[in-house]
**Student:** 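Take this structure first; my questions come after.
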Number of protein chains: 2
Amino acid sequence: MSELPSTSYALLGLLSFGRELTGYDLKKWADSILRHFYGSPAMSVIYTDLKRLEEQGLVAARDVPTDEVRHKRVYTITPEGRTVLAQWVRNSPVETPSLKHAVAFRVWLGDLVEPERLTEIVEEHRTRTEAVLEELRRMETTTDPGLVYPRLVIRWSQRYYENERAAADQLLRELSVLTKRK
Amino acid sequence: MSELPSTSYALLGLLSFGRELTGYDLKKWADSILRHFYGSPAMSVIYTDLKRLEEQGLVAARDVPTDEVRHKRVYTITPEGRTVLAQWVRNSPVETPSLKHAVAFRVWLGDLVEPERLTEIVEEHRTRTEAVLEELRRMETTTDPGLVYPRLVIRWSQRYYENERAAADQLLRELSVLTKRK
DNA sequence: GGGAGCATGTAACGGGTTACATGATTGG
DNA sequence: CCAATCATGTAACCCGTTACATGCTCCC
């Protein structure tokens, strides 16, 4: 059994919590939490992946009527799907985390721009980070306490973005020195 | 003037420090530092991208003989290349940093595996993080103090991976509780 | 009336990885 | 002598993004 694309594991992972979900639901959930540490696939990928996973017997689909004439497809993970996912979590080589940090990259090239502009960029990043932290805080309070591991990761993420914020602040301090010196 | 692929900016960025470099040099340098916060492109991409950048007049190539019969191609950034890069750094919308953290993802799915196995995975991650930190420490001492911004980012990265390590330690503590409780 | 949210897909494109190919030199 | 390093490329492939396409319901 060869590897699935990582998006498929993401979907299986979301479904592994046992709920019956539509593609649309999966996207929303991925956007709300997975995005912050593993990325969130585009809708189009979700629908095509779900189809493939169904062919492979890793998820099961069922049509549920939403009104007299229309319906939606809800998906559940199958026992085989659960097995494949668990095997992957347990045995597959753990890829090193990959980070693509456009802000850090721009700071790295700081000589090419005015420190003032660089400061703006880092400030914007700080603001965005704040927003993520706010989201994570809300998520912590609204997540079922029974979900021990997801809660662990929410706190892990909080710590991550708190560091991100603190690092941004540190950069801003250092940039202000460079600006004055100019 | 449309956007270049982000790999091209990475190469222009490396060349913007003014040295004459081969594709091979660029790969080494990207592996040593860019990898830690922006990713490092595969060799094949580097060579094809350099060719394209040359066609676009953003880099200039020169053949330097290595022995009687062989030679290597060394690249420099052109004034136009520098302008394009600076414009990008200054004006292009800053993509939000993206993180793909296979370790966090596995922890998130912790219910699927034994806490002992999860602990192993996090421990391996911690070890790798330590190695990166060691690398960054060496890099800090060997980097030209005149390179203010790169040094800023080296310290930023150190902070980042120190947080990564501390977060791993925290996870390990929490996992040990879960293991005992079992 | 219109925008946001729910809901599902297809098609085109491309950036980037892996595999394949070649070959010289240096050091353990 | 063999592995690592230096050095350069091509080809196949695919994962994932963007754009395109459709239509309903609910609320302001």
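Within every chain, numbering begins at 1; the chains are lettered A, B, ... in the order of the sequence lines, protein sequences first and strands thereafter. Predicted model, so just to flag it, every value in this text is computed and none were measured.
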**Student:** What's the spacing between A:T96 OG1 and B:E124 CD if we round to 0.5 Å?
**Tutor:**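 One finds 10.0 Å between OG1 of A:T96 and CD of B:E124.
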**Student:** Send over the distance from B:L26 CG to C:dG16 P, rounded to a whole Å.
**Tutor:** 15 Å
**Student:** Fit a plane to each ring of A:Y38 and B:F105, take the angle between them on a 0 to 90° scale, and name the class: parallel (under 30°), tilted (30 to 60°) or perpendicular (over 60°).
**Tutor:**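 Rings of A:Y38 and B:F105: parallel, under 30°.
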**Student:** To the nearest Å, give me how far apart NE2 (B:H71) and C1' (C:dA24) are.
**Tutor:**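 To the nearest whole Å, that distance equals 13 Å.
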**Student:** Starting from C1' on D:dG16, measure out to CZ on A:R35 and report it in whole angstrom.
**Tutor:**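 A:R35 atom CZ is separated from D:dG16 atom C1' by 17 Å.
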**Student:** What nucleotide among C:dT17, C:dA11, D:dC6 has an atom nearest to a side-chain atom of B:V45?
**Tutor:**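 It is C:dT17.
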**Student:** B:L11 CG to C:dG15 C1': how many Å, rounded?
**Tutor:** 13 Å
**Student:** In terms of the nearest nucleotide of DNA chain C, which residue is placed more toward the 5' end: B:T7 or A:D25?
**Tutor:**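 Whichever sits nearer the 5' end wins; that is A:D25.
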**Student:** For B:R70 and for A:K100, locate the closest nucleotide of DNA chain C by heavy-atom distance; then report the residue assigned to the nucleotide nearer the 5' terminus.
**Tutor:** A:K100
**Student:** Choose from D:dT8, C:dA7, C:dT17 the nucleotide whose nearest atom is closest to any side-chain atom of A:K72.
**Tutor:**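 Given the options D:dT8, C:dA7, C:dT17, the side chain of A:K72 is closest to C:dA7.
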**Student:** Mind checking whether A:W156 and A:Y161 have ring centres under 6.0 Å apart?
**Tutor:** no
**Student:** By the definition side chain to side chain contact (heavy atoms under 4.5 Å, CB included), identify the one residue from A:L136, A:V153, A:D31 that meets it with A:H36.
**Tutor:** A:L136
**Student:** To the side chain of A:P5, which of D:dC15, C:dT18, D:dT8 is closest?
**Tutor:** D:dC15
**Student:** Can you tell me the distance, in whole Å, between the OH atom of A:Y47 and the P atom of D:dC15?
**Tutor:** 20 Å
**Student:** Write down the distance between CE (B:M43) and P (D:dA4), rounded to a whole number of angstrom.
**Tutor:** 18 Å
**Student:** Measuring from atom CD of A:E135 to atom CD of A:E140, what distance do you get when rounded to the nearest 0.5 angstrom?
**Tutor:**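 Between atom CD of A:E135 and atom CD of A:E140 there are 14.0 Å.
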**Student:** Taking the nucleotide of DNA chain D with the nearest heavy atom to each, does A:S6 or B:S44 sit closer to the 5' end?
**Tutor:**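 Between the two, 5'-proximity favours B:S44.
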**Student:** If you check the A:K51 side chain, which of C:dG9, D:dT10, D:dT8 turns out closest?
**Tutor:**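 Nearest nucleotide to the side chain: C:dG9.
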**Student:** Base, sugar-phosphate, or nothing: which does B:K27 touch, judged by heavy atoms less than 4.0 Å apart?
**Tutor:**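 Touches nothing.
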**Student:** May I have the distance from B:D63 (atom CG) to D:dT8 (atom P), rounded to whole angstrom?
**Tutor:**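 After rounding, the gap between these two atoms is 9 Å.
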**Student:** From the options C:dA7, D:dA7, D:dC6, select the nucleotide whose nearest atom is closest to the side chain of A:Y24.
**Tutor:** C:dA7
**Student:** From CG of A:L50 over to P of C:dA7, roughly how many Å is that when rounded to an integer?
**Tutor:** 14 Å
